[in-house]
Amino acid sequence: MPRPIISNPRRTSVEIHDHLRRLILEGLLPPGTELKQAELARAFDVSRTPLREAFRMLQEEGLIDADINHRGRVTSLDAADLDCLYAARICLEGMGVRVTAGRLTRQEVQEASAQLHDMDRAERGADLAAWHEAHRAFHLLLVARCTPAVLRTIASYAERSERYVRTAQERHQDESAQRRQEHYDLFAAVVAGEPHRATRLIARHLARTAHSVIEDIAPGQEARDVQEAMDMICGPEPEKAGNGPP
């Protein structure tokens with residue numbers, strides 16, 4: 001396991017947390033991996049005190065399960081967590097693109113365009129790390145007019161989603177063209193100042209990933225939270241013929 005770079009001894013627990021969190025989210029520590037505080041303390045050349053605090057923070061985020069024996073285990077992908085997480089993202093990022101549409105600076109437009117091209121290049125080169133870095137930056141530019149506090153929350157939720165995004169990419173490579181088109185459509189709507197269209201596009205984009213991964217990890221389970229968020233953002237789906245009022 002790679003060692004963290006401790007740049008500030010006063011923030012050792014935070015930097016170890018960030019290091020382990022990144023390894024989990026990037027799939028380098030896959031679900032089920034056992035983490036032992038004593039072994040990590042030796043490997044990272046730190047005391048067990050910052051490891052305990054790092055484990056506590058990871059457990060609060062739902063990324064590990066920890067026990068009294070100072071062992072942790074990377075949690076499995078969880079359909080209920082995914083459902084709630086993506087429902088929150090739909091609401092927050094729906095609001096974010098709505099207030100950002102038509103308000104990007106020229107430099108931000110150029111940066112977002114560059115991130116799209118970087119995503120295309122990374123996908124052609126099968127460089128998932130580069131794709132995720134560009135993808136993360138692109139989505140944050142789409143909500144750039146949010147306040148810093150809201151942006152931090154959106155960024156945190158997006159990072160937590162990366163384990164699920166990776167699963168969708170690995171199992172549904174045939175949908176890459178659709179994902180690419182959705183990103184370009186989103187970009188066009190935000191740049192053109194079309195808040196209603198941008199809001200619906202981001203909601204459907206996020207919901208599609210959520211539904212796809214939930215079906216993979218828990219076949220037949222409904223994404224109820226995602227559907228509630230979609231109803232709030234896009235309006236409820238019309239009743240099927242024959243089920244509505246006369």
Side-chain angles (χ1 to χ4, degrees), residues 1-86 88-89 115 118-119 122-123 125-140 151-173 206 209-210 212-214 216-217:
M1 182 187 303
R3 292 180 58 176
I5 298 174
I6 308 299
S7 59
N8 184 348
R10 295 183 179 181
R11 289 172 47 85
T12 298
S13 59
V14 174
E15 295 191 359
I16 289 175
H17 160 264
D18 293 346
H19 178 70
L20 291 173
R21 185 177 190 269
R22 178 176 57 79
L23 294 179
I24 292 170
L25 295 178
E26 292 182 357
L28 298 176
L29 291 176
T33 300
E34 188 175 66
L35 304 173
K36 297 180 180 179
Q37 288 184 19
E39 291 181 0
L40 290 175
R42 287 193 295 271
F44 295 169
D45 193 23
V46 298
S47 72
R48 291 174 65 169
T49 300
L51 261 299
R52 284 196 294 271
E53 179 62 16
F55 271 38
R56 184 191 65 78
M57 290 188 283
L58 291 169
Q59 189 169 22
E60 286 184 355
E61 293 177 297
L63 293 175
I64 68 169
D65 290 323
D67 60 28
I68 59 175
N69 295 317
H70 310 297
R71 287 193 302 250
R73 189 177 299 275
V74 178
T75 56
S76 299
L77 299 179
D78 181 82
D81 176 67
L82 168 62
D83 189 16
C84 187
L85 177 60
Y86 267 79
R89 286 192 65 187
Q115 298 298 348
D118 286 347
M119 288 161 63
E123 188 163 28
D127 187 344
L128 282 181
W131 188 92
H132 279 282
E133 182 178 352
H135 180 254
R136 193 182 308 127
F138 172 73
H139 270 270
L140 284 177
L151 278 174
R152 285 194 295 270
T153 301
I154 289 174
S156 175
Y157 286 177
E159 288 173 2
R160 284 183 57 191
S161 301
E162 286 191 8
R163 289 206 295 171
Y164 300 107
V165 174
R166 289 174 184 274
T167 297
Q169 284 181 311
E170 291 170 1
R171 300 185 183 181
H172 302 279
Q173 296 182 17
L206 294 171
T209 297
S212 180
V213 180
I214 286 177
D216 284 338
I217 64 178

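Nearest heavy-atom pair, T12 versus P9, reported as atom, atom and distance to 0.1 Å: OG1-O, 2.8 Å. Among all heavy-atom pairs drawn from D81 and D78, the shortest one is N-OD2, 2.7 Å. When every heavy atom of D118 is checked against every heavy atom of A134, the shortest pair comes out as CB-CB, 3.9 Å.
Between R160 and E162 there is no salt bridge, since none of the side-chain N atoms of the basic residue sits less than 4.0 Å from a carboxylate O of the acidic one. R21 has a carboxylate O that lies under 4.0 Å from a charged side-chain N of E159, or vice versa, which qualifies the two as a salt bridge.
A 4.5 Å side-chain heavy-atom check between H139 and R136 finds every atom pair outside the cut-off. Side-chain contact check for R163 versus V74: some heavy-atom pair is nearer than 4.5 Å. Side-chain contact between L29 and E34 is absent, with no heavy-atom pair separated by less than 4.5 Å. At a threshold of 4.5 Å between non-hydrogen side-chain atoms, the residues I16 and F55 do not count as touching. The side-chain heavy atoms of R89 and I154, taken from C-beta on, include no pair separated by under 4.5 Å. No side-chain heavy atom of S161 sits under 4.5 Å from any side-chain heavy atom of L82. With contacts defined as side-chain heavy-atom distances shorter than 4.5 Å, the pair S13/R52 does not qualify.
Side-chain atoms of E15 come within 3.5 Å of backbone N or O of S7 as a donor-acceptor pair. In terms of modelled atom types and a separation under 3.5 Å, the side chain of T75 and the main chain of G62 share a donor-acceptor contact. With R73 contributing its side chain and I64 its backbone, the two residues share no donor-acceptor pair below 3.5 Å. Using a distance-only test at 3.5 Å, with no hydrogens or angles considered, no donor-acceptor pair links the side chain of H19 to the main chain of V14.
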Could you go step by step and tell me if H17 and E61 meet the side-chain contact (heavy atoms from CB on, under 4.5 Å) rule?
-> CA-CA 11 Å; H17 160 264; E61 293 177 297; 2.7 Å; yes
Derivation and outcome, side chain to side chain donor-acceptor pair (under 3.5 Å), residues Y164 and D216 = CA-CA 10 Å; Y164 300 107; D216 284 338; over 6 Å; no
Verdict with reasoning, L28 to M1, per side-chain contact (heavy atoms from CB on, under 4.5 Å) | CA-CA 9 Å; L28 298 176; M1 182 187 303; over 6 Å; no
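The line from OG1 of T33 to CD1 of I24 is 8.5 Å long, rounded to the nearest 0.5 Å. Distance CG/L35 to CG/L58: 8.0 Å, rounded to 0.5 Å. Rounding to the nearest 0.5 Å gives a distance of 11.0 Å between CD of E39 and CG of L51.
Classification of the H132-H135 ring pair by plane angle, with boundaries at 30° and 60°, yields perpendicular.
Annotation: E26, atom CD; neighbour count of heavy atoms from other residues, nucleotides and ligands within 6.0 Å is above 12.
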